[in-house]
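The shown structure was predicted, so the numbers you read here are calculated from the model rather than taken from an experiment.
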Amino acid sequence: MGKSQQQILDALEIDRILKRIACEILEVHKESRNLALIGIHTRGVYLARRLRQHIRTFEGAEVP
């Protein structure tokens with residue numbers, strides 16, 4: 001990172017936040033059977049994929 005750039009979150013902190021978001025999604029929707037994630041290009045798709053992976057880990061279910 002250059003002198004003018006400041007790191008706000010590291011990879012572990014981002015992953016922890018995404019796990020928390022995935023858990024909150026599952027709490028609100030109770031189950032993943034009727035759940036779908038949509039990511040808006042360009043970075044939203046990557047965020048949706050990472051959330052889907054965490055939900056898969058927690059629920060053992062595939063979310064489209």
Side-chain angles (χ1 to χ4, degrees):
M1 285 189 295
K3 292 180 183 180
S4 64
Q5 294 178 344
Q6 179 182 0
Q7 182 176 344
I8 297 172
L9 300 170
D10 64 22
L12 289 174
E13 292 168 319
I14 292 171
D15 193 56
R16 188 174 330 134
I17 290 167
L18 290 175
K19 285 178 183 175
R20 188 175 314 137
I21 292 169
C23 285
E24 290 179 15
I25 290 170
L26 291 172
E27 286 176 13
V28 169
H29 295 285
K30 305 301 180 208
E31 60 184 47
S32 60
R33 186 174 57 200
N34 295 319
L35 181 65
L37 298 173
I38 299 170
I40 299 171
H41 282 282
T42 57
R43 288 179 177 79
V45 173
Y46 302 109
L47 176 62
R49 287 179 183 159
R50 290 178 72 178
L51 287 171
R52 179 178 63 186
Q53 177 60 41
H54 288 304
I55 291 171
R56 182 185 306 133
T57 299
F58 298 146
E59 287 280 303
E62 288 296 324
V63 177

What are the two closest non-hydrogen atoms of V63 and I55, and how far apart are they?
CG2-CG2, 3.5 Å
Hey, what do you get for CD (Q53) to NZ (K19), rounding to the nearest 0.5 Å?
10.5 Å
Sidechain-backbone polar pair: E59 side chain, R56 backbone, donor-acceptor under 3.5 Å
no
Least distance between heavy atoms, E13 atom then I8 atom
OE1-O, 4.1 Å
Within the structure provided, determine whether I21 and L47 are in side-chain contact (heavy-atom separation under 4.5 Å).
no
Mind checking whether I40 and V45 have side chains closer than 4.5 Å, heavy atoms only?
no
Could you pull out the closest heavy-atom pair between I38 and A48, with the gap in Å?
C-CB, 4.3 Å
Spacing of CG belonging to L18 relative to CZ belonging to R49, to within rounding of 0.5 Å
14.5 Å
Do Y46 and I25 belong to the same hydrophobic cluster, where Ile, Leu, Val, Met, Phe, Trp and Tyr are linked whenever their side-chain heavy atoms lie under 4.5 Å apart, directly or via other members?
no
L51, L9: one ILVMFWY side-chain cluster at the under-4.5 Å cut-off?
yes
Are D15 and R50 side-chain neighbours, meaning at least one heavy-atom pair lies under 4.5 Å?
yes
